[in-house]
Amino acid sequence: MSEMVTLTIDGREVQVPKGTGLVEAAAAAGVEIPVFCHHPKLDPVGVCRMCLVEVEGQRKPVPACTTRAADGMVVRTQTPLIEHLRKGVIEFLLLNHPLDCPVCDKGGECPLQDNTFKYGPAVSRLTLPKMRKRKAVDLGSFIIFDEERCILCRRCTRFDAEIALEGNLVVAERAHLNIITTADGQTYDSYFSGNTIELCPVGALTSKNYRFKGRPWDMSGAPSVCTACPVGCNVRLDFRFGELMRVVSREHPDVDGGWLCDRGRFNYKYVNAENRITQPLMRRGEDLVPVSWTEALMEIASRWRALLRDYGGDSIGFIGGGRLTNEEAYLFQKLAREAVGTPHLDHRVGRQRVASWDRYPGRLTDIDDADVILLVDVLPAERMPVADLRIRRAAQRRGAALFSVGPAVPSYRVPHTAIPVLPGETAALLRQVAQRIAVGGPQDPQGAGQAGAGQDTAAPGAAAEGRDAVSALAASLVRGRKAVVVWSGEDLEAGLALRELLEAFTGQAGEARAAHVLIPGEQANSRGAEAMGVRPDRLPGHRPVAADAAGMDTGRMLQAAAQGQLQSLYIVGANVAETYPNGVLARHALAQVPFLVVQDLFLTETARYAHVVLPAAPFPVKTGTYTNMEGRVQAVAAAMAAGDSRTDGDIFVALAEAMGRKLIPSQQEFRWEVEHLFNTLGQDGFLPGAPWPTQTPPAAAGTASAGQEPAPAQGHVLDGSGADGAELVLVAVDRLYGGGGTGRFDPGFRDLQPKAEALFHPADAVALGVEPGDTVTLAAGLDALTLPVGVAATVVPGTVQVPWGAPGAAVNRLLAGAAWTRVRVRKRVLEEVG
Amino acid sequence: MKYEKVLTKGIGEVDLTRIENYEAQGGYQALRKALKSMTPAEVHEEVKKANLRGRGGAGFPAGVKWGFLPDDGRPRYLCCNADESEPGTFNNRMLIEFNPHLLIEGILLAAYAVRAARSFIYLRGEFRKGYRVLMDAIEQARAKGYLGDKILGTDFSQEIVVHRGAGAYICGEETGLLSSLEGGRGEPRIKPPFPAVAGLYGMPTVVNNVETLCNVPFIVDRGADWFLSIGTEKSPGTKIFSVSGFVRRPGNYELPLGITLRELIEDVAGGMLPGSELKAVQPGGASSPVLLPEHLDLPLDFDSVQQAGSILGTAGVMVFDQSVCMVRTALYYADFFSHESCGQCTPCREGTAWTARILRRLEHGQGRPEDIEVLKSLRTTMSGTTICLLSDFSITFLQSVLKHFAHEFEAHIQGRACLAERPREVRSA
Amino acid sequence: MAAQDAARANGAPAQPWWERRAADIDQLIARYPKARSALMGLLWMAQEERGWVAPEDMDFIAQRLGLSRAYVESTCSFYSLYHREPVGRYVIVVCGNVMCGLRGGESLVRHLEERLGVKVGETTPDGLFTLLVTGECVAACDGAPALQINEEYFHKVTPERADQIVQALREGADLVELSERIGLTAPGAVWEAGESA
Ligand SMILES: Cc1cc2nc3c(=O)[nH]c(=O)nc-3n(C[C@H](O)[C@H](O)[C@H](O)COP(=O)(O)O)c2cc1C
Ligand code: SF4
Ligand code: FES
């Protein structure tokens, strides 16, 4: 593969792998070639012309960025001609550039500034007034665009076209009127827009959050890991006088490839105490009043000691853990099992049942060279955004066959075949595919494969006609050698079917097949919490608990609390009132339980029910490790002071102490204890996944174990049945900015919360006689939601989509323990509304 | 007329848009001959032997270019460059509007020679009539079995797709043309790879000018030797000169390459207009440096014109008289190029706009002495530094008039009246 | 020309052109190895139907070809002949390049501005004429000064001839036929006229 070539650059001989670009080759020889449009992660376009060099045998100077190193090449980068041309390019670029460096955010880290200083002319010869363009254009939710500073290197539009693959940001017009812009009337709203700020070599694209906030030279950067989702992108936190100013990428090629999503990049203001709880609160009658830490801890300790005495440890339930570090999660279960002595603990606070699976281990980089990528009941952009970039690129560049099976269709611009199914039908469909593979796939794999490659004529993402889509998937799995499956880890029945499918796939005769399953955790460290044994049926390291000794899972704990069988709940970093897929039960339990302790960053819906609220410190305060969705253990070190809040770990230790127990002998020994655990568990920095759930105890009513509710009737497109509405299947869809406290409590994100609406398939909308602008009531069980109507062709007929975690529309109120349910849909008529 | 018309034979006398008239004067005989009695390689060989040099401006031998196509089984495409938009050039338009079948036959022969999977005509958007004529001619040819499946009963099949441009000079540049044909902005691409290796949709592609392709039927029909007997040794064949400006008979004239400028202007084009005397000539479109009266006896072939410091280019011969102000003429071009640059490359995007602004100020009589230096300095920073040649083109004329008519620029700077006799108003818009 | 706008004018329910011409659209796309190549052709179709390319046209084209709206706009904006806002029924484009400019184009523009009562870039109140000057050479230098009306040629346009053409169109003459009859576009026709000029 990497055959080496030898070339000479400015007299220095250097050896580089064949195909290396001249810019990189020169760097290897210790020669700097100035660039603007060139970026190692983007395809070379050679438009800025800053990198021109002389190559022996070429009659014109050539752009180094688009020229590949070749054996025996002789390159000169410092001839009088080249120096002259560089001056020329810079003079051209500065002709109409405002030169407002003193007030520019980029000042101090600006390639234009640096190159001008190093290679530019002494003076501008422009004796005409500068041509003016618009300043401070509002490009999107997070970005301000200064047209006058833009040098049209096109890095931003190329990122959009090559990496995000969305086609939102473009160059328009011609010649000197060239302008970076979006479609008329649309803003640049991509989950990845922030990356263009980092790519911009001038101060044209700047962050609204960071604008005029600080200059690079008076900031201190600390390495960290993003905790907004289970991908675990590596970041650098820039502080100024102890205040978190911005989050930028700290590239990890195998994790984030140098990119961040906008949530990870911009959702940090809460860290600076805005809207955060910073003092312990205790209930006095109706309201929660600030108290000292000692008071709060003493109160909890004494109440719990009393409960232990009167009812025993198993009268207390522990919920949460997916937001903690591995170490904290370990302490959390230790606190439960050793200090309090309860078997009831569970990190699963939403719809997800498993956060990992040891059967088909996968890494994010497996996506890159997969032949087939299968998404099962999951929208990667919403749950693992930066990893979705790998999926998009594999589909676009390598022609990996991308399929999605599930009740919600991902919106891709890359070639993609959607196989929409009603909730609960996923398992059946996967089994169909498994059977087709078993019988050697369809007759004509090629032809069938086309269903996925229709991008030339059909709009990508168009749901291919049911049957051929299925055979296309089967065909791809017959042709393909390497398959990567991304699965939500929710519906265990689908999980079982998936196992059958992958066994059929890997069991095929002929060449060896490789299958990898990736499960994005519901919380950033769900997988870590799982490995640390924050489950009623598992000890640290996934060791099973004896069946008779197993405790209750979240569902059963809430059930028990609601029925007065639990005396206390300790909920850590979880907003079960809105995330547990039975909102009615959850709220009832929270209201009923005699003593509720909630530990969180914010006064969430859940915290409002608490008797004691403990203010946890945000992630930059923590030292420890996180386990990302692929099992990778990544370390972080405290980068800011805790203030009045405390890290969850410290709180656990203090609580134990208050109860007269010692959770850890000493920090030192604790570190050894955990290190030992990791070493016995993992290899080369990865923790293994969990074994398939052995005993799934029979589900008590209203709890979420395995997709047990009958698969919904083949409800498909409605006949406009009945005045009192019709029955549809409710599908709660993930939204990157929805849910979690960090989104909703961050001033920068409040306006970006998903819009609470009920989305119908056009046909269903017609049948129901509703259209955008109307409102409908969705009723299920004991509760109902009234929502504005939306219509989208991507909605699966027979279903109604409601965003998960939209403010003012806690869709979990309608659910009965599983990720979906049937709802009665009724159009609201005016008098009702008014 | 003392020279035999070849490509333009019959134009203005018979309606060659009717296929039977075209056939009546020997049309489609070459196609018949090639398909019945020649292999693609033989057709290619004949064209190579004829040393048919590209008429689109570069003068590169078509036969050699066809030889660059890699033989790797990938589909190949043929693109006829009918975007004719070089200022001063209007012969492709005439061929298309008045002799469409010749172009079609030429394309079919070239497609046969290079074994193209499909052929495209990238037609300048302004040529609406040309579009009607071509679409009609294609259907006539199809009806007669010259085009489509199993042409003339052989197993050679070919479709010709006419693709309309929409007003962008740069789409005449072969790679800009390809970008445009692929349904995008007509932005030129870095070469290498050349279209022959990675062209339309990344496939091996030949791009040839209308007039180039119109020569092919005659080469096939009458043989390379006949072709070599016309014109000069290094520039064989005829060329359609588009003559415009201050002459009595502006128009398209098909003449053997190598005829002198004097003969072209004084005999063929009827001489200068009454009261006009020759001041300067651009022999090859907007981007060709000026020739002066002293060059009247220069033979108009690719190499001689080059030696005289200009280029034959598209043979769009623009004749200027004493009334023409060179500063103003340079401003016209500067406005044109700064409007037509695609905008990718810094030197072109910024340089063309800057040039135009400086010249406009000069033309208004508010120039500054340093302007001359700046304009001259662009010769190095704007040529040989960009993806395509538009940037180079945009200043060649300017550089030549800065040299030969420096006094006119000085006059403008000193605010003195324009040296040209009949100063004209500054153009609107 | 603007068939659809016309339809709306006389109250007829305006069926979008892309439904009416679905067959043509499929045929156009089928001509090319890759669908995207049909983008320019579809923009032309929109302009023929409406006289200009409206936002909804771009939405349709984007959706039909599976491209983003921004991509379609970006491409459309690259080409000078696509009008991105409403224009008159007849768009008069005077060649503004060297030869036409030097041979009377300047005065022709000013003459038309007076006759039509609009400045370059404007449309007459009756919505009949839009006057433009192009920097591109329209490849009619032997017929300087030349102009195009909806891409139909007219050579050697003296002020008198300009009035004649405008008048004829006001009286509803057929544009193509008019260009053929008095456009002086045939080879030879030009310099005969040229000599007498
Ligand atoms: C800016 C620019 C504009 C051009 N315009 C045209 C044109 O309008 N017509 C044309 O045939 N060639 C044009 N060319 C030349 C083409 O790039 C290409 O060389 C030519 O079409 C090849 O055909 P030929 O070899 O038959 O001449 C242009 C080149 C440049 C750099
Ligand atoms: S030189 Fe000018 S026209 Fe050519 S590619 Fe560069 S910017 Fe575009
Ligand atoms: S860095 Fe090479 S052209 Fe821009």
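Below, chains carry the letters A, B, ... as their sequence lines are ordered, and counting in each starts from 1. Predicted model, so just to flag it, every value in this text is computed and none were measured.
Closest of all the heavy-atom pairs between C:P187 and B:I11 is CG-CG2, 3.8 Å. Of all the heavy atoms in B:F336 and C:G135, the pair that sits closest is CD1-O, 3.2 Å. Summarising the geometry of B:G183 relative to C:L39, their closest heavy-atom pair is O-CD2, 3.3 Å, with the distance given to 0.1 Å. Nearest approach of B:S244 to C:D142, heavy atoms of both residues: CB-N, 4.3 Å. The shortest non-hydrogen separation linking B:A168 to C:Y79 is CB-CD2, 3.8 Å. Taking all atoms of both residues into account, the shortest heavy-atom contact from B:P87 to C:N97 is CB-OD1, 3.5 Å.
For chain B, the nearby parts of C:E136 are the backbone and the side chain; heavy atoms of each come within less than 4.5 Å. In this structure, chain C has a heavy atom under 4.5 Å from the backbone of B:V162, while its side chain stays farther away. Looking at B:T329, both its backbone and its side chain come within 4.5 Å of chain C, counting heavy atoms on both sides. Contact annotation for B:Y131: only side-chain heavy atoms (C-beta onward) come within less than 4.5 Å of a heavy atom of chain C. Contacts of B:V243 with chain C are made by backbone atoms alone, with heavy-atom separations under 4.5 Å and no side-chain atom involved. For B:C171, the part lying near chain C is the side chain, with the backbone staying farther off; criterion is any non-hydrogen pair under 4.5 Å. Using a 4.5 Å cut-off between heavy atoms, B:E340 touches chain C through its side chain atoms alone. Within the 4.5 angstrom heavy-atom criterion, no atom of C:V72 approaches chain B. Heavy-atom distances place both the backbone and the side chain of B:M318 under 4.5 Å from chain C. Interface remark: B:L200 contributes no atoms to any contact with chain C (heavy atom separation under 4.5 Å).
In this structure, B:E187 and C:F78 have side chains that are in contact, with non-hydrogen atoms separated by less than 4.5 Å. Contact of the B:F320 side chain with the C:L102 side chain is registered, since non-hydrogen atoms from C-beta on lie closer than 4.5 Å. Between C:T185 and B:R93, some side-chain heavy-atom pair lies under the 4.5 Å cut-off. With a 4.5 Å cut-off on side-chain heavy atoms, C:E151 and B:R124 do not count as touching. In this structure the side chain of B:Y77 reaches within 4.5 angstrom of the side chain of C:P33, judged on heavy atoms. Contact of the B:F90 side chain with the C:C137 side chain is not registered, since no non-hydrogen atoms from C-beta on lie closer than 4.5 Å. Side-chain contact between C:M40 and B:R164: absent, with no pair of heavy atoms (C-beta onward) separated by less than 4.5 Å. The shortest side-chain heavy-atom distance between C:S77 and B:R185 falls under the 4.5 Å cut-off.
Judged by distance alone, the side chain of C:T75 and the main-chain N or O of B:G184 form no donor-acceptor pair under 3.5 Å. A donor-acceptor pair is defined here as one N or O able to donate and one able to accept, closer than 3.5 Å; no such pair exists between the side chain of B:E84 and the backbone of C:A139. At distances below 3.5 Å, at least one donor-acceptor pair connects side-chain atoms of C:S37 with backbone N or O atoms of B:L181.
Ranked by heavy-atom pairs under 4.5 Å with chain C, the first of B:C342, B:S85, B:S180 is B:S180. The greatest number of non-hydrogen atom pairs below 4.5 Å with chain C, out of B:S338, B:G165, B:G12, is found for B:G165. For the set C:Y32, C:W44, C:Y82, the count of heavy-atom pairs under 4.5 angstrom toward chain B peaks at C:W44. Between chain B and the residues C:L132, C:L28, C:L42, C:V176, the largest count of heavy-atom pairs under 4.5 Å involves C:V176.
Between C:N150 atom CG and B:R128 atom CZ the span is 7.0 Å, to the nearest 0.5 Å. With rounding to the nearest 0.5 Å, the separation of OH in B:Y169 from OG in C:S80 is 13.5 Å.
Salt-bridge formation is detected for the pair C:E180/B:K129: a Lys NZ or Arg NE/NH1/NH2 atom is positioned less than 4.0 Å from an Asp or Glu carboxylate oxygen. Salt bridge C:E152/B:R132: present, at least one basic N to carboxylate O contact under 4.0 Å.
For the pair C:R103 and B:F246, the cation-pi test (distance below 6.0 Å, angle within 45°) is passed.
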task: Evaluate side-chain contact (heavy atoms from CB on, under 4.5 Å) for C:R31 paired with B:F120, printing each intermediate quantity in order.
output: CA-CA 10 Å; C:R31 280 199 215 158; B:F120 300 86; over 6 Å; no
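Shown here are the ring-ring contact (aromatic ring centres under 6.0 Å, His included) partners of C:Y153, two or more places apart in sequence or in another chain: C:H155.
Enclosure of atom CD in C:Q27 is not indicated, since only 12 or fewer non-hydrogen atoms of other residues, nucleotides or ligands lie within 6.0 angstrom.
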